[in-house]
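What follows is a short report on a single structure.
Chain identifiers are assigned alphabetically (A, B, ...) following the order of the sequence lines, protein sequences preceding nucleic acid strands; residue numbering begins at 1 within each chain. Here the structure is a predicted model, which means the values were calculated and not measured.
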2 protein chains.
Amino acid sequence: MERSTRQRRAIREAFLEAGRPLSPQEVLELAKQKVPSLGLATVYRTLKGLVEEGFLTPVALPGEPSRYEPAGREHHHHFLCRLCGRVFELSGCDLTLESHLPPGFLAEGHEVTVYGRCPDCA
Amino acid sequence: MERSTRQRRAIREAFLEAGRPLSPQEVLELAKQKVPSLGLATVYRTLKGLVEEGFLTPVALPGEPSRYEPAGREHHHHFLCRLCGRVFELSGCDLTLESHLPPGFLAEGHEVTVYGRCPDCA
DNA sequence: TCCCGCATGAAAACTTCTTCTCAAGTTGCT
DNA sequence: AGCAACTTGAGAAGAAGTTTTCATGCGGGA
């Protein structure tokens, strides 16, 4: 991940413009609007590089293929629209569940996913 | 899913004895202690049948293959041990996140996964 | 502008998980 | 016990996502 190519710029921009976690397929579709010849292999290669250089972090959701979002954001969770399949960021978190775990369990982190309809699909 | 065979009894018992969500592989290992000849294909077939007849429900966790647990339990969430990879049930849920979603979003459900160390691995 | 070397795209290969195929083994009714 | 039908086990096949291969295409320093 060294040179600045049209493809890599398009993929970076796709994340900045989308403002939500994107799957490799979504990245392909969005970035293809700027670089129509873009291939899926390049998307995967670039995502890998952007994670290594700290621009992106992977986002895993239950039963979903992995997505990516810009790194360095505050602790937050995600909303998955059951209709269009898009994922959105939810700000904030008042989860206190970690404090009443059964004895002996040691919490190190948590993830919350809310399911429903996004504004476009509601 | 009609006949009562050694295999199907062993798989049902595995869930009742484990008391936690099991992946197909875990089911195979546990049930094999009772029926050593057990094959993975039978595990998948039986899991499918047990879901259809309402004895089990699927459990999806971020980035994990699907697991199954006895159906009909109260609303609850899950704990994934990062060391041994086993999943445990967490009782209760005081999540209020659904009430302060951004405008336009409609929540229909949620999932919480806590990561850490289980008592055996802590 | 030239040119080396990294990057790209398409297809093949791989992984991981799950389902199907089919010959052989069991179940349960009689 | 006898038998028809259902079930099983092993391996092949399928599905979905991701990585690799390799010939060709570009980026950017000299």
Side-chain angles (χ1 to χ4, degrees), chain A residues 1-15 21-53 55-69 78 80 84-87 113, chain B residues 1-15 21-53 55-69 78 80 84-87 113:
Chain A
M1 211 51 29
E2 298 175 16
R3 291 187 182 170
S4 171
T5 64
R6 268 178 310 142
Q7 290 83 345
R8 289 175 190 173
R9 281 191 296 275
I11 290 173
R12 265 192 151 87
E13 285 165 16
F15 279 99
L22 299 176
S23 67
Q25 275 300 333
E26 287 177 315
V27 172
L28 179 63
E29 283 151 28
L30 291 173
K32 218 165 184 172
Q33 295 172 7
K34 304 182 179 186
V35 182
S37 70
L38 185 62
L40 188 53
T42 298
V43 171
Y44 276 104
R45 270 188 297 244
T46 304
L47 289 177
K48 199 174 175 183
L50 292 177
V51 168
E52 276 168 13
E53 77 182 45
F55 177 71
L56 295 178
T57 38
V59 175
L61 297 178
E64 292 280 309
S66 64
R67 294 159 196 264
Y68 297 85
E69 66 184 7
H78 299 95
L80 171 61
C84 65
R86 290 184 299 176
V87 174
T113 307
Chain B
M1 214 48 34
E2 299 178 15
R3 290 186 182 172
S4 171
T5 65
R6 268 176 310 143
Q7 289 84 343
R8 291 176 187 171
R9 282 191 295 274
I11 290 172
R12 266 192 150 88
E13 286 166 16
F15 280 99
L22 300 176
S23 68
Q25 276 299 335
E26 288 177 315
V27 171
L28 179 63
E29 283 152 28
L30 291 173
K32 220 166 182 170
Q33 295 172 7
K34 303 182 179 189
V35 182
S37 70
L38 186 63
L40 188 53
T42 299
V43 171
Y44 276 103
R45 270 188 299 243
T46 304
L47 290 177
K48 199 175 177 185
L50 292 176
V51 168
E52 277 169 12
E53 76 180 48
F55 178 71
L56 295 178
T57 38
V59 175
L61 298 178
E64 291 279 309
S66 64
R67 293 160 198 264
Y68 298 84
E69 68 184 7
H78 299 97
L80 172 60
C84 65
R86 291 184 298 174
V87 174
T113 307

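Residues L22(B) and Y68(B) form no side-chain contact, since every pair of their non-hydrogen atoms from C-beta on lies 4.5 Å or further apart. Taking 4.5 Å as the limit, every side-chain heavy atom of P58(A) sits out of range of all side-chain heavy atoms of L56(A). In this structure, T57(A) and V51(A) have side chains that are not in contact, with every pair of non-hydrogen atoms separated by 4.5 Å or more. Side-chain contact between Q25(B) and L40(B): present, with at least one pair of heavy atoms (C-beta onward) separated by less than 4.5 Å. V27(B) has its side chain within reach of F15(B): a pair of non-hydrogen atoms, C-beta onward, lies under 4.5 Å apart.
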### Per-nucleotide protein contact string for nucleotides 25-30 of chain C, where B marks a base within reach and S marks sugar-phosphate only (heavy atoms under 4.0 Å, - for neither)
-BBS--
### Message
Return a single string for nucleotides 13-22 of chain D, one symbol per nucleotide in 5' to 3' order, where B is base contact, S is sugar-phosphate-only contact and - is none, cutoff 4.0 angstrom on heavy atoms.
### Response
----SBBBB-
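Atoms CZ and CG, on R45(B) and L47(B) in that order, are 11.5 Å from each other to the nearest 0.5 Å.
Under the rule for a salt bridge (charged side-chain N to carboxylate O under 4.0 Å, His left out), the partners of K34(B) that lie at least two apart in sequence or sit in another chain are E13(B), E17(B). By the side-chain contact (heavy atoms from CB on, under 4.5 Å) test, R12(B) is found to be paired with L50(B), E53(B), F55(B), residues two or more places apart in sequence or in another chain being considered. With sequence neighbours excluded, the residues forming a side-chain contact (heavy atoms from CB on, under 4.5 Å) with E64(A) are L61(A), R67(A), L80(A), listed by chain and number.
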### Task
Show your reasoning for whether side-chain contact (heavy atoms from CB on, under 4.5 Å) applies to V59(A) and H78(A).
CA-CA 9 Å; V59(A) 175; H78(A) 299 95; 3.6 Å; yes
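Rounded to an integer number of Å, the gap from CG of L28(B) to P of dT16(C) is 17 Å.
Defining each end axis of the helix from dT1(C)-dA30(D) to dT30(C)-dA1(D) as the rotation carrying four pairs' C1' atoms onto the next four, with five pairs an end, the two axes are found to diverge by 30° to 10 degrees.
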